[in-house]
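Heads up: the structure comes next, in structure tokens.
Since the model is a prediction, treat every value here as computed from it, not as a measurement.
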Amino acid sequence: MSICLNAKYLENFIKDYEFENIFPFIQKAHEIINNKTGAGNNFLGWLNLPVNYNKEEFERVVKAAEKIKKDSKVLVVIGIGGSYLGARAVIEALNSPMHNLLREDVPKIYFVGNSISPTYLNDIIKLCKDKDFSVNVISKSGTTTEPALAFRIFKKMLEDRYGEQGAKSRIYCTTDKEKGVLRSLALKNGYETFCVPDDVGGRFSVLTAVGLLAIAVSGLNVNRLMEGAAKAMADFSICDLNKNCCYKYAAIRNILHRKGKMVEMLVSYFPNLLLLGEWFKQLFGESEGKDGKGIFPASAIFSTDLHSLGQYIQEGSKILFETVINIKSPKEDFYIKQVEDNFDGLNFLANQNMGDIVQKVLKATVLAHTSGMVPNVILELERLSEFEVGYIIYFFEKACAMSGYLLGVNPFNQPGVESYKKNMFALLGKPGYENVRASILGNI
């Protein structure tokens with residue numbers, strides 16, 4: 001397996017018999033996931049996706065990515081939530097958070113439509129000025145406010161620069177296969193389209209065209225990404241906590257939750273995994289946070305956040321546990337040399353790689369936090385490549401489904417998301433929301 005689950009530091013928090021006690025529930029959840037008989041079972045398309053994906057569309061995605069790399073200096077990806085988080089997480093994990101500054105061989109990739117900030121929008125517009133660019137707009141309906149507004153703006157920019165005919169060859173729509181505003185617009189104008197599968201929810205969609213086009217444009221090998229996910233799919237098909245680290249992780253989360261651990265903090269020691277933490281938060285937050293239940297997902301980058309959150313983690317309220325992603329071999333290392341006058345007193349760090357120092361800081365932190373009664377589970381990977389990232393994506397997706405069913409919720413819906421939208425549409429004056437507007441004006 002590409003992931004090794006290190007549960008050594010949980011010995012003071014979870015006893016062996018607790019795994020035995022939860023195992024019948026794991027078995028039941030395994031059964032309803034694989035037989036597709038549980039709540040939300042019509043959104044289990046991600047389960048076999050790594051081997052049963054649309055091969056023809058996959059090749060069109062790769063072909064479109066090659067075209068974009070040839071005719072564009074910038075790709076603007078328009079989407080919110082699952083329509084952008086997965087792709088951005090993969091790109092930054094495997095390239096760099098500074099990939100737009102460092103790589104000259106592929107287009108710059110900017111993500112918009114994920115906020116309503118006019119300042120951010122204007123910044124991206126300026127970055128596209130005088131540069132050839134293409135747009136990938138991702139929305140199942142085409143009416144989600146933030147991406148729809150951004151697409152309106154960038155569509156006009158393309159048409160003003162290239163004309164309607166030229167613009168249509170630079171617009172790629174990832175949307176519903178049959179219906180919706182964006183599908184209709186794409187058919188009318190001749191835009192190339194890719195599908196958001198009906199049976200794959202947004203937060204599970206990174207391994208579909210939703211995430212793959214931008215990932216391929218960034219220069220990454222999407223075939224290897226899918227191969228890693230396929231390996232994970234095979235590895236996590238067996239219902240045995242001693243052989244299936246995905247199920248064991250889900251069991252750990254739920255055992256700790258029942259002991260009052262209400263917050264899970266996903267921790268990494270590499271800033272390139274910052275957006276993986278953001279994707280993780282949506283995946284688990286939307287899947288588990290309902291019916292008054294759920295573990296609150298948080299994330300941190302150490303050692304950076306040890307200087308802001310470390311005090312709370314060590315001695316604050318004992319409501320959290322940490323899941324640490326440990327990459328043993330960094331993509332690039334840095335050797336520390338002796339300084340003759342030792343002006344900073346740091347020669348004790350000399351003659352070793354910074355990667356080795358990271359491992360020692362990680363161990364020191366885990367020991368400190370567990371002694372402070374904060375459980376730590378460690379997910380160990382030897383390195384990060386497309387294969388490993390595909391593997392870890394599937395690991396978290398299946399663990400999320402398992403954990404949701406263990407909590408007794410439908411892991412695949414998100415009814416609470418609609419509440420803010422209803423109020424927003426009313427306040428912005430969208431037709432059909434007049435009664436809602438009248439009822440909330442007195443409360444603001």
Side-chain angles (χ1 to χ4, degrees), residues 42-43 45 54 57 60-61 64 75-87 110-118 121 124-125 133-206 208-214 282 286 413-415 417-437:
N42 53 325
F43 282 98
N54 185 325
E57 181 176 70
R60 285 199 300 112
V61 167
L75 172 65
V76 177
V77 180
I78 301 174
I80 196 167
S83 296
Y84 92 101
L85 277 172
Y110 300 120
F111 295 88
V112 300
N114 49 53
S115 80
I116 50 174
S117 165
L121 179 65
I124 302 300
I125 290 171
F133 73 99
S134 295
V135 166
N136 177 209
V137 55
I138 307 165
S139 175
K140 191 163 179 64
S141 67
T143 59
T144 304
T145 303
E146 296 90 340
L149 182 59
F151 181 51
R152 170 183 286 205
I153 293 163
F154 283 92
K155 175 177 176 290
K156 185 176 187 306
M157 285 177 60
L158 284 170
E159 291 172 347
D160 288 346
R161 186 173 301 180
Y162 302 104
E164 288 190 8
Q165 281 300 112
K168 78 175 186 179
S169 68
R170 293 176 174 273
I171 295 174
Y172 303 84
C173 298
T174 308
T175 187
D176 191 273
K177 65 180 180 181
E178 293 180 348
K179 61 183 183 299
V181 170
L182 189 55
R183 166 60 63 177
S184 297
L185 185 69
L187 290 174
K188 176 183 176 183
N189 292 328
Y191 304 148
E192 181 158 10
T193 60
F194 305 105
C195 289
V196 179
D198 289 337
D199 57 356
V200 180
R203 56 190 178 273
F204 290 84
S205 67
V206 59
T208 72
V210 169
L212 293 176
L213 180 59
Q282 188 204 4
E286 279 195 351
N413 67 353
Q414 55 279 340
V417 174
E418 302 306 315
S419 296
Y420 98 88
K421 290 182 181 180
K422 180 177 69 174
N423 291 342
M424 176 181 69
F425 290 150
L427 291 173
L428 290 174
K430 185 175 182 177
Y433 286 81
E434 292 81 6
N435 291 338
V436 178
R437 177 179 170 83

field: Leu149, CG atom: more than 12 neighbouring heavy atoms under 6.0 Å
entry: yes
- request: Enter the distance from Met157:CE to Phe133:CZ here, rounded to the nearest 0.5 Å.
  value: 4.0 Å
- prompt: What are the two closest heavy atoms between Ala209 and Glu57, and how far apart are they?
  reply: CB-OE1, 4.0 Å
message: On the six-membered ring of Tyr162, is Arg170 placed so that its NZ or CZ lies under 6.0 angstrom from the centre and within 45° of the ring axis?
response: yes
message: Regarding Lys168 and Glu164, does a basic nitrogen lie under 4.0 Å from an acidic carboxylate oxygen?
response: no
query: Are side-chain heavy atoms of Thr193 and Arg183 found at a separation under 4.5 Å?
result: yes
CG on Leu75 to CG on Leu213, rounded to 0.5 Å: 6.0 Å
- prompt: Taking the side chain from Gln282 and the backbone from Gly82, do they hold a donor-acceptor pair closer than 3.5 Å?
  reply: yes
query: Counting distance only, does the side-chain N/O of Glu286 pair as donor-acceptor with the main-chain N or O of Asn413 below 3.5 Å?
result: no
message: If the test is side-chain contact (heavy atoms from CB on, under 4.5 Å), which one of Phe151, Tyr172, Tyr191 qualifies with Val135?
response: Phe151
- line: The reported gap from CG in Asn42 to CG in Asp199 (rounded to nearest 0.5 angstrom) is 8.5 Å
- prompt: Between the side chain of Thr174 and the main-chain N/O of Val210, is any donor-acceptor distance below 3.5 Å?
  reply: no
field: side-chain contact (heavy atoms from CB on, under 4.5 Å) assessment of Val76 paired with Asn136
entry: CA-CA 6 Å; Val76 177; Asn136 177 209; over 6 Å; no
query: Taking atom CG of Asn114 and atom OG1 of Thr144, what is their separation to the nearest 0.5 Å?
result: 12.5 Å
field: Glu192/Arg60 ion pair, N-O < 4.0 Å
entry: yes
field: Side-chain heavy atoms of Val112 within contact of Tyr84, under 4.5 Å
entry: no
query: Taking atom NZ of Lys140 and atom NZ of Lys179, what is their separation to the nearest 0.5 Å?
result: 5.5 Å
- prompt: If we ignore angles and hydrogens, is there a donor and acceptor under 3.5 Å between the side chains of Asp176 and Ser141?
  reply: no
query: If you measure from CD on Glu146 to OG on Ser117, what distance do you get to the nearest 0.5 Å?
result: 12.0 Å
Test item: Thr208 side-chain N/O and Val196 main-chain N/O as donor-acceptor pair under 3.5 Å: no
field: Passing option when Ile138 is tested against Ile78, Leu182, Val77 for side-chain contact (heavy atoms from CB on, under 4.5 Å)
entry: Val77
task: For the residue pair Ser184 and Leu187, establish whether any side-chain heavy-atom pair is separated by less than 4.5 Å.
output: no
